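Since the structure is predicted, the reported quantities are computational estimates derived from the model, not experimental observations. As a basis for the values below, the full set of heavy atoms in this structure was taken, side chains included, without hydrogen atoms, waters or symmetry mates.
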Amino acid sequence: PEDALVSSHNLSIDTVTGHAYVLNSDGSRILILSLANPIAPEVVSSIEVGDSHDVYAHNGRAYIAEGRQPFISIWDTTDPTTPTLLSKVQVPDAGYVHNVWPSDDGRFMLTTEETADKTVKMWDISDLENPTMLGEWLGANRIAHNVHIQGRYAFLSHYTAGLYVLDISDP
């Protein structure tokens, strides 16, 4: 873990559990740090991935966009010392799997691929053994960057096309 804080493209803090999820320098691991003493965070474990670009952690789950691999992985981190893989969702005909964000209730997620002509995808993940893609969307410049969800709205950055706000109340 010596390289854990040298550089990191992305991190997420699970405010419910008090842990930070930090991509290591080369994206091969997500380090889980206890923030019990925020001045001296302590690495309590890690999630090994072949490649990762983005992590979002909330309420004892970590959602990982696996970059050059065509997957979104979902991990149970209620015990951050022993993360357990819950689901590995394969993105069909994937580009660069860039970003993932679950709905507030954890039943759905949106994913982006940051690759020209690859759509933003809405998934039903209420059954983690059988995740289902529900729909796709793509903005004017045809390359999505990141998506964040708050309530019934998805906020989607789309490079030169700007910011889109999508109503996802009916996924």
Between E66 and S73, is a side chain to side chain donor-acceptor pair (under 3.5 Å) present by the stated rule, with each step listed?
CA-CA 7 Å; E66 295 194 11; S73 56; 2.7 Å; yes

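- A continuous path of ILVMFWY side-chain contacts below 4.5 Å connects I168 to I72, so both sit in one hydrophobic cluster.
- With S12 contributing its side chain and A57 its backbone, the two residues share a donor-acceptor pair below 3.5 Å.
- At a threshold of 4.5 Å between side-chain heavy atoms, the hydrophobic network of Ile, Leu, Val, Met, Phe, Trp and Tyr places L138 and V100 in two separate groups.
- Screening T111, D54, N146 against H98 for a side-chain hydrogen bond (donor to acceptor under 3.5 Å, both in side chains) leaves a single residue, N146.
- Under a 3.5 Å cut-off, the side chain of T112 and the backbone N or O of A144 do not form any donor-acceptor pair.
- The structure places CG of D51 at 8.5 Å from CG of D26, a figure rounded to the nearest 0.5 Å.
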Run the numbers on K121 and V91 for side chain to side chain contact (heavy atoms under 4.5 Å, CB included), then give the verdict.
CA-CA 9 Å; K121 294 172 178 56; V91 178; 4.1 Å; yes

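- One finds a salt bridge joining D93 and K118 here, because a Lys/Arg side-chain nitrogen approaches an Asp/Glu carboxylate oxygen to under 4.0 Å.
- Minimum interatomic distance between Y164 and A140 (heavy atoms only, all atoms of both residues): OH-N, 2.9 Å.
- L86 approaches R61 most closely through the heavy-atom pair CD1-NE, 3.4 Å.
- Formation of a donor-acceptor pair under 3.5 Å by the D76 side chain with backbone atoms of T84 is not found in this model.
- Minimum interatomic distance between M122 and F108 (heavy atoms only, all atoms of both residues): SD-CB, 3.9 Å.
- D79 is linked by a side chain to side chain contact (heavy atoms under 4.5 Å, CB included) to T81, T82, counting only residues two or more places apart in sequence or in another chain.
- In terms of modelled atom types and a separation under 3.5 Å, the side chain of S45 and the main chain of P80 share a donor-acceptor contact.
- By the criterion of side-chain heavy atoms lying less than 4.5 angstrom apart, applied directly or through intervening Ile, Leu, Val, Met, Phe, Trp or Tyr residues, V89 is grouped together with V147 in one hydrophobic cluster.
- The closest side-chain donor-acceptor pair between Y159 and E114 falls under 3.5 angstrom.
- Placement of Y56 and V16 in two distinct hydrophobic clusters is found when ILVMFWY residues are connected by side-chain heavy-atom separations under 4.5 Å, directly or transitively.
- A donor-acceptor pair is defined here as one N or O able to donate and one able to accept, closer than 3.5 Å; such a pair exists between the side chain of N141 and the backbone of H158.
- Between D124 and R107, the closest heavy-atom pair is OD1-O, 3.5 Å.
- Formation of a donor-acceptor pair under 3.5 Å by the H53 side chain with backbone atoms of V97 is not found in this model.
- Here L163 contributes atom CG and L156 contributes atom CG; the two are 7.5 Å apart, rounded to the nearest 0.5 Å.
- Note that the NZ atom of K88 and the CG atom of L128 stand 14.0 Å from one another [nearest 0.5 Å].
- To the nearest 0.5 Å, atom CG of residue L85 and atom CH2 of residue W75 are 4.5 Å apart.
- Shortest non-hydrogen contact noted between E113 and G95 is OE1-N, 2.6 Å.
- Atom CG of D170 has 12 or fewer heavy atoms from other residues, nucleotides or ligands within 6.0 Å.
- Put simply, the side chain of S87 never gets that close to the backbone of I74: no donor and acceptor are under 3.5 Å apart.
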If you apply the rule side chain to side chain contact (heavy atoms under 4.5 Å, CB included), what do you find for T17 with T77, and how did you get there?
CA-CA 9 Å; T17 68; T77 57; over 6 Å; no

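- Here CZ of R142 is found 4.5 Å from CG of D117. Values are rounded to the nearest 0.5 Å.
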Could you give me the CA-CA distance, side-chain angles and deciding distance for F155 and Q150, then say whether side chain to side chain contact (heavy atoms under 4.5 Å, CB included) is met?
CA-CA 8 Å; F155 298 86; Q150 184 171 9; 4.1 Å; yes

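- Between P92 and W123, the shortest heavy-atom distance links the atoms CD-CH2, 3.8 Å.
- Defined by atom type and a distance below 3.5 Å, a donor-acceptor pair is missing between the side-chain atoms of N99 and H145.
- Under a 3.5 Å cut-off, the side chain of N10 and the backbone N or O of V55 do form a donor-acceptor pair.
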Applying side chain to side chain donor-acceptor pair (under 3.5 Å) to Y153 and S169, what does each step give before you reach the verdict?
CA-CA 7 Å; Y153 297 107; S169 58; over 6 Å; no

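- Each side-chain hydrogen bond (donor to acceptor under 3.5 Å, both in side chains) pair with one or both residues in residues 127-140, not counting sequence neighbours, appears once here: T119-E136.
- Between the N37 side chain and the P41 main chain, no donor and acceptor come within less than 3.5 Å of each other.
- Both Y63 and L110 are assigned to one and the same hydrophobic cluster, defined by single-linkage of ILVMFWY side chains at heavy-atom distances under 4.5 Å.
- Note that CD1 of I30 is 9.0 Å distant from OG of S46, once rounded to the nearest 0.5 Å.
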